[in-house]
Number of protein chains: 2
Amino acid sequence: MVTIKDVAKAAGVSSSTVSRTINNSPSISSKTKEKVIKEIKRLNFSPNSMAKGLINNKSYTVTLLVDVDDEKSFQNPFFYEIMHGIERLVYKKEFSLIVANLNTTMKKQSVLEWLVKAKRTEGVILPSSILNSKLVDELKKDGVPFVSIGEPTNLKESVSWVDIDNKKGTEMATYSLLDKGYENIAFLGLDKTKLFSKRRYDGYMNAILESKQEVINVECGNSKDDGYHNMKKLLNGPVIPDAVICADNIISIGVIRAIQEAGLSIPEDIGIISFDNQQIAELSYPTITTVNVDVYELGYQSAKLLFELIENPQTRYQGLLISTKIEERESTIKNK
Amino acid sequence: MVTIKDVAKAAGVSSSTVSRTINNSPSISSKTKEKVIKEIKRLNFSPNSMAKGLINNKSYTVTLLVDVDDEKSFQNPFFYEIMHGIERLVYKKEFSLIVANLNTTMKKQSVLEWLVKAKRTEGVILPSSILNSKLVDELKKDGVPFVSIGEPTNLKESVSWVDIDNKKGTEMATYSLLDKGYENIAFLGLDKTKLFSKRRYDGYMNAILESKQEVINVECGNSKDDGYHNMKKLLNGPVIPDAVICADNIISIGVIRAIQEAGLSIPEDIGIISFDNQQIAELSYPTITTVNVDVYELGYQSAKLLFELIENPQTRYQGLLISTKIEERESTIKNK
DNA sequence: ATAAGTTATGCAAACGTTTGCATAAAATAT
DNA sequence: ATATTTTATGCAAACGTTTGCATAACTTAT
């Protein structure tokens, strides 16, 4: 393997000069610089990042932490995109991205401790679902910058985070339905234990109240069966809505089923808007209009926040909301 | 940060002794060993992996390569699970897993080159879809062990790979349908450009020929519309099957739709088995019986092969098939 | 032409490990 | 008790970088 010394010898200079050339120190004459660069190219030299890491006490590494056993940790289909959003910036900075599962059973110590002490990871990105005060304390004690993907339930002042603008998403969805002529809009799927669900409900309610409409709120879990049964109840109830906003896509599958079984048509009798732009929205009959979530951007922005913290440790904590947009599909209709 | 020297001083021994204790060299008395270990624990010491890496010329790192821009690279929903299969073993070996996108635009050199030369990654796992002879040559030239996830189309003798046993999967599916009393089984979705698709077809055909049944084969792409239109044609054709094996889950969504529109019932009139145990299979009405794919295992085994190559570079290349099993859901019925 | 200032380069130590070699201490044989 | 072998430990060099300090080589001012 070719080292800095080989380059130095080939260029007839000292290793210091080569090093300074690489890190483009100002005090280096353009002639030698040129000469050295030529040799670097010719010999196809890359500085050994472990040697660099050792002396600079840096790992040039960022860690994406997950907890596989935790269902909520990352929704499968999102993960890939999020990761690549992160990765894009990470590689631009010539770092590398390591992925670690918090739950991995390591004899020695906690994964985190290992990452920090042995691997010297320089920053951590993690889903809000695994964020707790113990973890935060540990990270802060070690001085490792971190960013939460997802708005944290508490600790909000002491954490940088990125999330989708859930509230504005459903707000837009509601207005969009009203614009189209839908008049009785229900929100289905509020789960008060989940912050994102509450935010989505808030957005809906905001728009409804603002427009002096009536709130129709159905709390339920997020399975397709929950959607099915609760929609059924709603259809048998006193006020039958002519549009439903679903807290997420899975629910909407059950909702559609219930509506179709009742002999009603989508989007004519009842319009549907759902959240999360997953594959499912396109596979359903009819395809589902959704609040489109740019998870790639979510990842990218989380990395951006993280590097701000890495490069300037006294950066203030901040929360960032990624805006959403409505993707029209068959479950809603222009002029009702 | 606490170093080996701190431990040495605290234990009243030299750094060498501490080092030897850590790497449990035999020539170390049990008294000192004990003493050293006590201090290691007390001081909460972890050896700096960059210093280790430098001297041992190892990175303790394995890379999972993907190509985001390549649709086929990894199917989104699989990725997460595969990765964790890999990760489990990687962490057991006290390595870490880095994820790199082959397409990342790096000014300097190719990502791979950078990973190998600067980062000294010790092994690479990559999807067969991005495997080409140029890449293989490059990896071999650098002496980096690698494993393909997915059976490679060519180069099979010079590559270690893991794949799902696609052929046996559909074979089992076919027999299972025959056992249940289905008699006219069609295979829908053969895409001759894709190896896994061909394998799945082979399995079906094997079982059909073996049982002296008639082959009903419909080639088509893998969208839900492809499934819909081709099933429709089939329903209007001379031989209407009483069961369909779909090459993948997405197709089956369209197939179900076509059958239902024709006024036929699933699973009574027509039974359906599909491939890939994705969320979709459970969201559809009816839920879809599938050939269940253990992607976690796929990842785990790929890592296992990789470590065999890392630990013993003259290991022979080998291909490994992960067996599947049928997961019964509503789209098939016991006794037709 | 000489002094002073500036610019470009090299030397050597440092980062935190591992490991071959030397040697001190302990164990065994005489 | 002494000689010999075995076992346990330490010293110092090495891995491939970076960087403070020293100095050589130019500039510019006098």
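Numbers restart at 1 for each chain; the letters A, B, ... are given by sequence-line order, proteins then strands.
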Does the side chain of [Y] come within less than 4.5 Å of [X]'s, by heavy atoms?
{"X": "A/Ile82", "Y": "A/Ile125", "value": "no"}
{"X": "A/Ser160", "Y": "A/Glu308", "value": "no"}
{"X": "B/His84", "Y": "B/Tyr296", "value": "yes"}
{"X": "B/Phe146", "Y": "B/Leu65", "value": "no"}
{"X": "B/Thr153", "Y": "B/Ser128", "value": "no"}
{"X": "B/Ile322", "Y": "B/Val162", "value": "yes"}

Roughly how many Å is it from [atom1] in [X] to [atom2] in [N], rounded to a whole number?
{"X": "A/Asn48", "N": "D/dA14", "atom1": "CG", "atom2": "P", "answer": "18 Å"}
{"X": "B/Asn23", "N": "C/dT18", "atom1": "CG", "atom2": "C1'", "answer": "8 Å"}
{"X": "A/Lys5", "N": "D/dT17", "atom1": "NZ", "atom2": "P", "answer": "9 Å"}
{"X": "A/Met50", "N": "D/dC15", "atom1": "CE", "atom2": "C1'", "answer": "9 Å"}
{"X": "A/Ile55", "N": "C/dC15", "atom1": "CD1", "atom2": "C1'", "answer": "5 Å"}
{"X": "A/Glu94", "N": "D/dT17", "atom1": "CD", "atom2": "P", "answer": "15 Å"}
{"X": "A/Asp6", "N": "D/dC15", "atom1": "CG", "atom2": "P", "answer": "11 Å"}
{"X": "A/Lys52", "N": "C/dG16", "atom1": "NZ", "atom2": "P", "answer": "18 Å"}

Next item on the list: Inspect the surroundings of NZ in A/Lys35 and state if more than 12 heavy atoms from other residues, nucleotides or ligands are less than 6.0 Å away.
Entry: yes
Next item on the list: Let me have a per-nucleotide readout for nucleotides 5-11 of chain C, 5' to 3', with B, S or -, counting only protein heavy atoms under 4.0 Å.
Entry: ---SBBB
Next item on the list: Quick one: label B/Asn57 by what it contacts on the DNA or RNA (base, sugar-phosphate, nothing), any heavy atom closer than 4.0 Å.
Entry: nothing
Margin query: Within the 4.0 Å heavy-atom criterion, would you say B/Asn56 contacts the bases, only the backbone, or no part of the nucleic acid?
Written below: sugar-phosphate
Check: With no hydrogens and no angle check, do the side chains of A/Lys119 and B/Ser96 hold a donor and an acceptor under 3.5 Å apart?
Finding: yes
Check: Do B/Ser16 and B/Ser19 get their side chains close enough for a donor-acceptor pair, meaning under 3.5 Å?
Finding: no
Note to self: Starting the side chain at C-beta, find the nucleotide from D/dA14, C/dT19, D/dT17 nearest to B/Ser19.
What the structure shows: C/dT19
Next item on the list: Consider the side chain of B/Leu54, meaning its heavy atoms from C-beta on, and name the nucleotide among C/dT17, C/dG16, D/dT17 that approaches it most closely.
Entry: C/dG16
Sub-3.5 Å donor-acceptor pair from the side chain of [X] to the main-chain atoms of [Y], do we have one?
{"X": "B/Lys117", "Y": "A/Asn44", "value": "yes"}
{"X": "B/Glu122", "Y": "B/Ser59", "value": "yes"}
{"X": "B/Ser15", "Y": "B/Lys5", "value": "no"}

Checklist line | Nucleic acid contacts of residues 34-43 of chain B, taken as heavy-atom distances under 4.0 Å to DNA chain D | finding: none
Margin query: Please report the end-to-end axis angle for the helix from C/dA1-D/dT30 to C/dT30-D/dA1, five pairs per end, rounded to 10 degrees.
Written below: 50°
